[in-house]
Structure formats: C-alpha cells, structure tokens
Amino acid sequence: MSAFTVPAESKSAPNPAPKLTPPQKALRQLGLTRDIDLALHLPLRYEDETRIVAIRSARDGEVVQIEATVVKSEVVMRPRRQLLVVVEDATGECELRFFSFYPSHQKTLSVGARLRIRGEIKGGFWGRQMMHPTFRLAGGELPQALTPVYPTTSALPQAYLRRAVQTGLSRAEQRGALNETLPAAFLHPLPDCWPLAQALHFLHHPNPDVSMATLEDRSHPAWQRLKAEELLAQQLSQLQAKRERALLKAPVLKSATSKNNLVASLSLVEQLLAVLPFSLTAAQRRVSEEIAKDLALGAPMHRLLQGDVGSGKTVVAALAAAICIDAGWQCALMAPTEILAEQHFSKLVGWLSPLLAPRGHQVAWLAGAQKKKERSAALTLIESGEAALVIGTHAVIQEQVKFKNLGLALIDEQHRFGVAQRLALRAKLMDGTGREPHLLMMTATPIPRTLAMGYFADLDVSTLDELPPGRTPIVTKVISDSRRDQVIQRMAEQLAQGRQVYWVCPLIEESEALDLSNATQTHADLSESLPGVSIGLLHSRMPSADKKEVMAAFTSGAMGVLVSTTVIEVGVDVPNASLMVIEHAERFGLSQLHQLRGRVGRGAAASACVLLYATGDGGRLGETARERLKAMAETHDGFEIARRDLDIRGPGEFLGARQSGAQMLRFADLAEDAALLDWAQWAAPQLLDTAPDLAQQHVARWLGGKSAYLKA
Ligand code: ADP
Ligand code: MG
C-alpha cells in the first residue's frame with residue numbers, strides 16, 4: 001500500500017482500523033479515496049516553473065521564478081519584525097521579505113547561498129520586491145511541464161497532494177481504470193476529443209507552450225473529453241436508475257369507477273370532482289390522466305409536476321390521493337414548512353374529510369411542533385391504516401412514523417427537500433413489503449430545458465401550462481423606497497375596498513434577530529400610518545400556535561394587512577388579497593420574488609405587486625439586482641423567469657438541494673456545454689443497450705458510491 005492510499009473501511013476486519021494521518025483524513029474529506037478519484041482531481045491553475053527569468057526583465061505583478069545569490073540577510077524590526085534578504089543575479093537585484101520565518105529559513109537564506117526563488121514581483125526599475133516567496137537551493141533540472149495547483153484544504157499540503165495525485169494517476173492507468181469505455185462509433189460525433197488517459201496526463205502536467213486561455217475556459221480538447229465523460233456518466237446513471245425502477249414493484253393504484261362497482265356508490269375520485277367548487281382546467285385534466293396511468297402500472301411512479309404558482313397543483317395532488325385511497329392504500333403529503341402543510345391540510349380536509357368519514361377513514365396531521373398526545377394519537381391512526389391520508393412537514397418521515405400501507409407519497413416544493421429526505425420517504429413503504437411507493441413531486445419553479453435534461457433525466461415530467469380562468473394579470477411596479485408614502489396611500493385605497501394586503505420584509509441572512517426587528521418595526525410603522533386597520537405580524541420564530549392564529553385571521557378576512565418575513569413564500573392562498581408590497585426587493589432572488597408575487601392575483605380582483613427597492617450608500621442598484629427587478633416587471637411567465645434566473649445565478653444555486661446532495665457536475669456546465677450534453681443524451685441509451693459492461697465501468701469511474709443519490 002502506498003503512503004497515499006487511504007485504507008478502505010472494512011466491516012469484517014478483525015484488526016482495529018488503522019489510524020489515518022491528517023493528510024490522509026483530508027484526502028478522504030475531499031472524497032479522494034480511490035486511485036481514480038485522485039486521477040480526476042484536476043488542477044485549479046498552474047504555475048510555470050519551467051523557466052528562469054532574469055530579474056531585470058520581471059515585470060510588476062508577474063509571478064516568476066528567478067535564480068540569484070543572497071548578498072544580504074538580516075532580521076530588522078521596522079515596521080515590525082521581519083527577515084529582509086537581498087538577492088542578485090547578473091541583471092539586477094531583488095529584495096525578499098518574510099514576516100514569519102524559522103531559524104532553518106535563515107540558514108538557507110544566508111549570504112552567499114545560491115537559490116531558486118519563486119513569487120510575485122512588486123515594483124520595477126527602482127526596486128523590486130517579493131513578499132514570502134518560496135525558495136530552495138539553486139540547480140537541479142527544470143520541470144518540463146507546468147506545475148499543477150490543486151484545490152485542497154489547509155490540512156493537505158499542495159506538495160503532498162501533488163504526489164498523491166501523481167501516484168493515483170499512474171496506478172489508475174496501470175490497473176486499466178482509464179481504459180477507453182467508448183467504442184469508436186460513439187466518439188465520432190466528437191472530433192475534437194482526446195482519449196481519457198492522454199487528456200488526464202495533459203491536464204495534470206500541460207506543456208508550457210499550451211494556450212492558457214483554452215485551459216481556463218475549458219475549451220481545450222483535453223477538457224472536452226473530461227466534460228463529455230462526466231456528462232455521459234450522469235446520463236447513464238440516471239437512465240439506469242430509471243430502468244431499474246421500472247423493474248421494481250409498486251402497488252397498482254386504480255380507482256374503482258362506479259360503473260363496475262357493485263355497491264353502485266361513486267368512487268372517491270368521482271365524489272371529489274363533484275364537490276370541487278370549480279371544474280378542472282384542460283391542463284389539470286391532462287396531467288391527472290398522466291398520473292393515473294402511472295399509478296396503475298405496478299412500477300413506482302417517479303414524476304415531477306411542474307406548474308407556475310397558482311396553476312392549481314393542489315387539486316391534482318388531491319385527485320392522485322383519492323385514487324390511492326380508493327385502491328385501499330395510504331397516501332402521504334409532505335410540505336417544507338408548517339404553514340404550507342397547514343394550508344394543504346385545511347384544504348384537503350375540507351374536500352376529503354366528509355367523503356372519507358363514511359368509509360371509516362380520516363386525515364392525520366403530523367408536525368414537529370405538535371403536542372405529544374396529539375402526535376401519538378396520529379401515529380396510532382397511521383399505523384392502523386385508519387388515516388388514509390397523512391399530511392405534514394418533515395415529521396412525516398420520522399422514524400416513529402409507521403405506515404400500514406403507504407402507496408403514494410406527494411412532495412410539495414420538492415426543491416426544498418434534501419435528497420436524503422426523499423430517500424427516507426421511499427423507504428417507508430419498502431419496510432418489509434419489497435415494494436416502493438409511488439412518488440409525485442411538485443414544484444412551482446419550472447425547470448429550464450437544459451437542467452431538465454441534465455439533472456432530472458430520470459424523472460417523468462408533467463406540466464401545468466395553463467392558469468385557472470378568471471385571473472386578472474398582476475401589475476408589477478418597481479418603486480424606490482423614497483416613495484414609500486405613496487405606496488401606503490395605495491394600500492389604504494385597497495383596504496377601503498375591502499381588499500387585503502401582504503407586506504413582505506426580507507430575510508437578513510446574517511442575523512435572524514435583525515430580520516425580526518425589521519419586521520417588528522415595519523409592523524409598528526404601518527400600524528401608525530393606517531389607524532383602525534387590523535395589521536398582523538408573522539415571522540419564522542413565532543410559536544406555531546401564534547402563527548396559526550395570525551394566518552387564520554388573515555385567511556378569514558378579519559385582518560387587513562399581513563406583515564411577514566418570507567415565511568409566506570410558498571403556498572399561502574388568500575384570493576381576496578390584491579396587493580403585495582415587497583420591501584428591499586433587491587435582496588430577493590428572482591424565483592423567490594416570482595413565488596411571492598404569486599400570492600396575489602388569485603381572485604377576480606385586479607392585483608398589483610410593488611417591488612420597493614433601496615439603493616444603499618452608492619445611490620445605485622447593483623447590476624444583478626437591477627436585472628432581476630427588470631425581469632419581474634417585464635414578465636409573469638414562470639418559465640421565462642426560471643430561464644432568466646438560471647442566466648443570472650447559474651445552475652449550482654438554482655438547483656439547491658438536489659445538487660448539494662451530490663456535487664454532480666464538477667467540470668461540465670449545462671448551459672455552456674449544451675452540445676456535449678446533447679451528445680451524452682444520444683450516447684447513453686445506446687451504450688447501455690449495446691455494451692452494458694462498458695456503461696457500468698464508465699459510471700463506476702465517475703460516480704463510485706455516489707449514484708444512490710441520483711435515484712432520489
Ligand atoms: P399552486 O399550483 O400554486 O399550488 P393552488 O393549488 O394553490 O396553486 O391553486 C391556486 C388557486 O386556484 C386555489 O385557490 C385553487 O382553489 C384555485 N384553483 C385550482 N384549480 C382551479 C380551477 N380549475 N378553476 C378555478 N380555480 C382553481
Ligand atoms: Mg401549492
């Protein structure tokens with residue numbers, strides 16, 4: 001075993017696990033456990049140590065390597081204790097300064113020593129300097145290739161990591177881990193693409209005459225290979241997950257229609273459709289049919305329901321639940337916040353409870369802040385199966401929750417949940433039954449095409465592309481905070497007409513306390529400006545009973561204005577609210593603003609959204625903030641907003657939880673490498689069909705143990 005190998009964890013080993021040295025631990029923390037992981041750990045940048053530069057020709061700001069003789073070396077105290085060394089070569093002089101140094105450094109840097117020194121040159125003709133350069137004795141051969149600088153941590157010195165990567169690379173190659181996994185026909189469409197082994201050798205140690213620009217923008221053929229490989233691994237693993245899932249068993253969920261029902265009673269689905277206060281939109285009907293088809297298949301559904309805010313996803317979820325319950329299985333609905341879960345609960349209880357009661361069924365509620373007695377009553381109902389529908393927050397996936405027969409899991413605002421949580425929900429049915437529940441995830445943040453292809457290739461997607469009728473478009477105004485009084489005037493007018501208003505204060509990330517005091521202050525100011533109006537305050541740190549009370553007052557119409565932090569971001573549904581004011585709108589993300597705006601315009605009244613911005617000291621808005629606010633004023637289309645948001649933020653931030661579950665794409669960029677992504681999408685199914693072993697090898701190379709995350 002080489003010094004760089006991290007000992008594998010072994011369950012059966014009789015010997016105690018060997019102790020890891022700090023650098024070994026650091027390697028493991030970076031996920032660099034296998035030879036191939038090390039080989040794929042690519043440099044951040046390079047240093048050119050292939051040349052010696054004459055002191056006189058080194059320019060200000062340049063990082064150079066010189067060879068020179070020490071002519072002076074002394075510790076001086078001004079302005080603070082430092083080691084001052086002067087070196088010279090045939091062309092000129094350079095001063096070296098060290099603020100931290102050991103006696104051994106002083107010894108190496110003593111007068112007369114000839115050294116090879118590397119650092120950033122400051123100053124020019126009148127005196128050159130280097131702060132804390134690296135140095136060693138002169139002589140020895142110059143390297144032939146650029147020196148890689150790897151991403152690392154403080155516990156893992158660059159020199160150690162370099163040797164580890166080098167060892168990993170050679171061993172991976174010797175063991176065949178870099179062998180070609182792609183038959184020639186697959187590579188034809190990529191003319192400018194090197195073999196993997198060659199690409200890796202090059203990227204770790206490029207020739208000094210390479211064009212740096214092609215390395216930096218990753219357009220170099222060696223980079224093309226790495227990115228193509230990575231995208232292919234991602235497509236393969238998702239495709240595999242999808243095919244594996246098709247082989248799994250899930251309950252067959254079919255709603256018995258009254259036609260073939262001997263008792264001649266209506267099915268739950270039919271009854272639900274009959275009690276809804278509206279008829280479904282064409283989009284809702286189409287999407288519900290897609291879901292019903294999946295549920296009847298006997299293999300687990302894995303579907304994403306995307307639809308803009310207000311497009312009516314809840315009723316689609318309720319219909320899916322009804323099918324599940326009709327078939328004699330339990331259904332769970334999980335939402336990311338208590339307020340949102342609560343909204344679903346009251347809506348679904350209103351629709352379904354009267355229909356479930358005659359069948360001896362109930363809807364159960366689970367939340368973190370629940371009283372013990374209430375909780376254990378709910379748990380009993382769930383375990384006995386009497387609770388046909390279970391609604392709640394993360395509490396739904398807690399260990400103590402035992403379903404009798406979970407058939408369908410609905411996840412609202414799926415991007416707010418981590419991968420681990422989705423996996424836990426799926427495991428709830430698998431206990432003992434060998435079957436998986438069906439999974440329907442909902443999101444109001446539509447996924448742009450490239451992302452859908454890249455990250456959600458294993459999902460089936462249903463899209464609600466139509467809003468329920470009778471909505472009047474929301475007018476969006478971007479207004480400076482200096483015109484706050486006018487905005488309050490506008491609020492008063494709306495209130496006088498019996499309408500309600502949301503006022504949203506931004507979340508201040510560094511300080512929850514500050515965040516709270518802002519909202520409290522705004523609440524006090526508004527109460528003063530609008531005497532006689534009932535104004536409520538809602539923030540995330542309130543006890544949940546108080547939150548419920550405030551929400552209930554606003555929902556019932558008893559409260560005119562709701563001042564809140566972003567807790568109302570998702571799911572609140574009060575059709576009488578016609579004005580939304582978002583304070584410090586410049587601090588919000590685009591999707592977040594769109595979600596917030598979706599809280600108004602839910603009824604027939606003309607609605608408006610005011611984006612108040614403050615310019616800060618400079619008197620100007622930052623560029624991205626301006627872009628965001630402009631986008632908001634220009635469009636209401638959630639897909640267009642998502643596209644612009646992706647442009648502004650990039651996929652990493654956009655994806656949130658799903659990506660943080662497994663940092664999937666290290667090298668490729670879905671937007672920039674769209675052509676490679678197209679290739680990977682084309683190649684993946686063919687490789688899986690024609691050469692499953694190679695496909696397997698390819699996925700193992702890139703993902704190792706991480707592919708479970710992709711299946712969530
Ligand atoms: P979201 O997709 O944002 O979750 P909701 O399910 O909360 O949207 O629906 C938004 C509002 O539209 C709710 O008040 C809901 O009752 C109403 N709604 C849903 N579908 C229809 C429909 N087909 N016709 C009229 N109103 C509808
Ligand atoms: Mg919703």
Side-chain angles (χ1 to χ4, degrees), residues 269 272-291 303-322 333-352 391-393 409-417 440-447 461-474 499-500 502 551 554-557 566-578 580 591-605 607 609 636-639 641-642:
V269 175
L272 174 57
L273 286 171
V275 299
L276 287 177
F278 45 74
S279 53
L280 298 183
T281 63
Q284 282 169 327
R285 228 173 299 129
R286 171 175 47 75
V287 161
S288 298
E289 273 161 26
E290 289 167 1
I291 293 168
R303 190 171 278 279
L304 181 71
L305 169 57
Q306 56 174 354
D308 211 344
V309 264
S311 60
K313 295 184 286 295
T314 315
V315 67
V316 174
L319 286 166
L333 168 57
M334 184 163 82
T337 65
E338 193 158 342
I339 289 194
L340 182 51
E342 176 77 28
Q343 288 251 331
H344 282 311
F345 184 71
S346 52
K347 196 146 221 169
L348 295 181
V349 162
W351 286 337
L352 287 170
I391 300 177
T393 57
L410 307 165
I411 303 182
D412 200 12
E413 301 300 333
Q414 65 86 25
H415 61 280
R416 294 235 173 164
F417 286 102
L440 180 66
M441 298 177 259
M442 298 182 268
T443 181
T445 307
I447 297 155
V461 178
S462 291
T463 305
L464 285 177
D465 50 7
E466 177 187 8
L467 293 181
R471 303 268 167 86
T472 41
I474 306 163
R499 300 285 169 204
Q500 291 165 278
Y502 291 106
M551 274 317 297
F554 192 69
T555 309
S556 72
T566 42
V567 283
I568 62 155
E569 184 188 337
V570 281
V572 180
D573 186 26
V574 180
N576 189 47
S578 59
M580 157 137 332
S591 295
Q592 217 179 0
L593 288 172
H594 182 63
Q595 296 261 326
L596 284 168
R597 178 171 61 183
R599 296 309 112 207
V600 292
R602 306 198 137 218
S607 297
C609 174
H636 283 85
D637 176 355
F639 280 87
I641 297 240

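When a ligand or atom number is given, it counts from 1 through the structure's own listing order.
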message: Taking side chain to side chain contact (heavy atoms under 4.5 Å, CB included) as the definition, give me every residue that meets it alongside Ser288, ordered by chain and number, with sequence neighbours left out.
response: Val316, Leu319
task: Answer side chain, backbone, both or neither: which part of Leu280 comes under 4.0 Å from ligand 1, heavy atoms only.
output: backbone
task: Just jot down the ligand 1 atoms closer than 4.0 angstrom to any heavy atom of Val309, in number order.
output: 3 (O)
field: Numbered atoms of ligand 1 (with element) below 4.0 Å of Thr281, judged on heavy atoms
entry: 23 (N)
- line: Any heavy atom of Gln284 under 4.0 Å from ligand 1? The part involved is side chain
- prompt: Does ligand 1 have a heavy atom under 4.0 Å from the side chain of Pro575, from its backbone, from both, or from neither?
  reply: neither
query: Taking the six-membered ring for Trp, are Trp351 and Phe278 parallel (under 30°), tilted (30 to 60°) or perpendicular (over 60°)?
result: perpendicular
- prompt: Counting only N and O atoms by type, is there a donor-acceptor contact under 3.5 Å from the side chain of Gln284 to the main-chain atoms of Gly312?
  reply: yes
message: Using heavy atoms and a 4.0 Å limit, tell me yes or no: is Asp308 in contact with ligand 1?
response: yes
- prompt: With a 4.0 Å cut-off on heavy atoms, does Lys347 reach ligand 1?
  reply: yes
message: So for ligand 1, is Gly307 a polar contact partner (N or O within less than 3.5 Å, distance only)?
response: no
message: Once rounded to the nearest 0.5 Å, what's the spacing between atom CD1 of Ile391 and atom CG of Leu340?
response: 10.5 Å
Which residues share a side chain to side chain donor-acceptor pair (under 3.5 Å) with Ser462, sequence neighbours left out: Glu290, Arg303
- request: Kindly say whether Val461 contributes a backbone atom to a donor-acceptor pair with the side chain of Gln306 at under 3.5 angstrom?
  value: no
message: With the threshold set at under 4.0 angstrom, would you say Ser279 reaches ligand 1 through any of its heavy atoms?
response: yes
message: Would Gly312 count as a polar contact of ligand 1, with the cut-off being nitrogen or oxygen pairs under 3.5 Å?
response: yes
message: For the NE2 atom of His636 and the SG atom of Cys609, what is their distance to the nearest 0.5 Å?
response: 7.5 Å
task: Please verify whether a non-hydrogen atom of Ser311 lies at under 4.0 Å from ligand 1.
output: yes
field: Atoms in ligand 1 flagged as close to Thr314, the criterion being non-hydrogen separation under 4.0 Å
entry: 4 (O), 5 (P), 6 (O), 7 (O)
- prompt: Any side-chain heavy atom of Met442 within less than 4.5 Å of one from Thr314?
  reply: no
